[in-house]
Amino acid sequence: MYVRRLELVDFRSYERVGVDLEPGANVLVGPNGVGKTNLVEALGYVATLDSHRVATDAPLVRMGAGSAVIRCAVVHEGRELLVELEIVPGKANRARLGRSPARRARDVLGALRLVLFAPEDLELVRGDPAERRRYLDDLLVSRQPRYAGVRADYDRVVKQRNALLRTAYLARKTGGSRGGDLSTLAVWDTHLARHGAELLAGRLELVAALAPHVTKAYDAVAAGRGAAGIAYRPSVELAEPTTDRAVLAEALTAALDESRSAEIERGTTLVGPHRDDLTLTLGPLPARGYASHGESWSYALALRLAGYDLLRSDGIEPVLVLDDVFAELDAGRRERLAELVGGASQLLVTCAVDDDVPATLRGTRYEVGEGTVRRVG
Ligand SMILES: Nc1ncnc2c1ncn2[C@@H]1O[C@H](COP(=O)(O)OP(=O)(O)OP(=O)(O)O)[C@@H](O)[C@H]1O
């Protein structure tokens, strides 16, 4: 798979820009702050409907504009598909796939499979569980796009259930007669157990498949210095490891029953996949709180490369993006990384200085200036 063309209108710093890309290595070069990351962020958005840098859409729209458009032509198995997204902050995104409007923006997920590594990924190791859940869910959807629907259903249930618990909590706090009406809570418990079990099973299956790739990728990036391991840590207790949806739904139901009074007390849903985490270890120690800066950085890179490897082992050839990566690495690590990613069907590299990128990866070269992209190689 590769992106043949990318066009942006009012996205970040770009009023209007278009760039033709090539299969193989593409290097985007330019001084700090000219808009290199903005270009790859747009592609990341098409792949995940999320930015790797900000949690809301408003900063993605050029200052002063009302909406942004990302358009890209993706070539997969010899066929080209046009994907278009219009981002209107505060409203649902509008999307087109080929010539037709998509029913929902999430219908474009799967059209572009992309793995993006950026300096912000250090948060995968050092940040909150939400970062690691997002990492897992993005990869899950990239492997099996139907999980976008599962995730949306689950999120909706948690939101509704939280609203109910919150109303009851506030009613009780302000001296309401019986602490709010929780008569429909049981219905939401059933929905939560069903959708939660599906999401939980998907993540557990994903982590089982991903774990050996993480160990291998860390070993390659860090040249054999320490063994990286990952494990999924659910917020519900499981008697034994399973991905059986019915068993997981039962475990969720039991956990909801058990935490009922605590949930009413606190006015929020305390169990379910939205409270889970991914444990990362380096040798016998947890990576979070123990790994050095260099180790954390290598770990984050290994997590992305493992996802890339896993997709390839599934027969999917994703686009690989390395944003501002090579400047962080010494010569030996640069060469090792170049060897690992050299075979990508399409690789997009951003850098401020050409010399940071190993010679083997200097394919097509683009100079990025303020609001412009010029192909020079
Ligand atoms: N919504 C927006 N409207 C206008 N300009 C924006 C918007 N969002 C970001 N910018 C501008 O885009 C620029 C940052 O672009 P980007 O992060 O792509 O830089 P870069 O070339 O990757 O830089 P570096 O090499 O430092 O990582 C900044 O100058 C910022 O002010």
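Atoms within each ligand, like the ligands themselves, are counted from 1 in listed order.
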Side-chain ion pair, Arg362 and Asp354, N-O less than 4.0 Å: no
Of all pairs that satisfy side-chain hydrogen bond (donor to acceptor under 3.5 Å, both in side chains), the ones with a partner from residues 19-43, not counting sequence neighbours: Arg5-Asp20, Arg12-Glu41, Ser13-Asn38, Glu22-Arg375, Asn26-Tyr366, Thr37-Asp323, Asn38-Arg53, Glu41-Ser51, Glu41-Arg53
Test: Glu263 and Arg161 ion pair at under 4.0 Å: yes
Per-ligand residue contacts, ligand 1, heavy-atom threshold under 4.0 Å: Arg12, Ser13, Pro31, Asn32, Gly33, Val34, Gly35, Lys36, Thr37, Asn38, Arg53, Pro59, Val61, Arg62, Met63, Asp324
Basic-acidic side-chain contact under 4.0 Å: Asp309, Lys216: yes
Ion pair check, Arg99 and Glu84, cut-off under 4.0 Å: no
Arg104 and Asp107 ion-paired at < 4.0 Å: yes
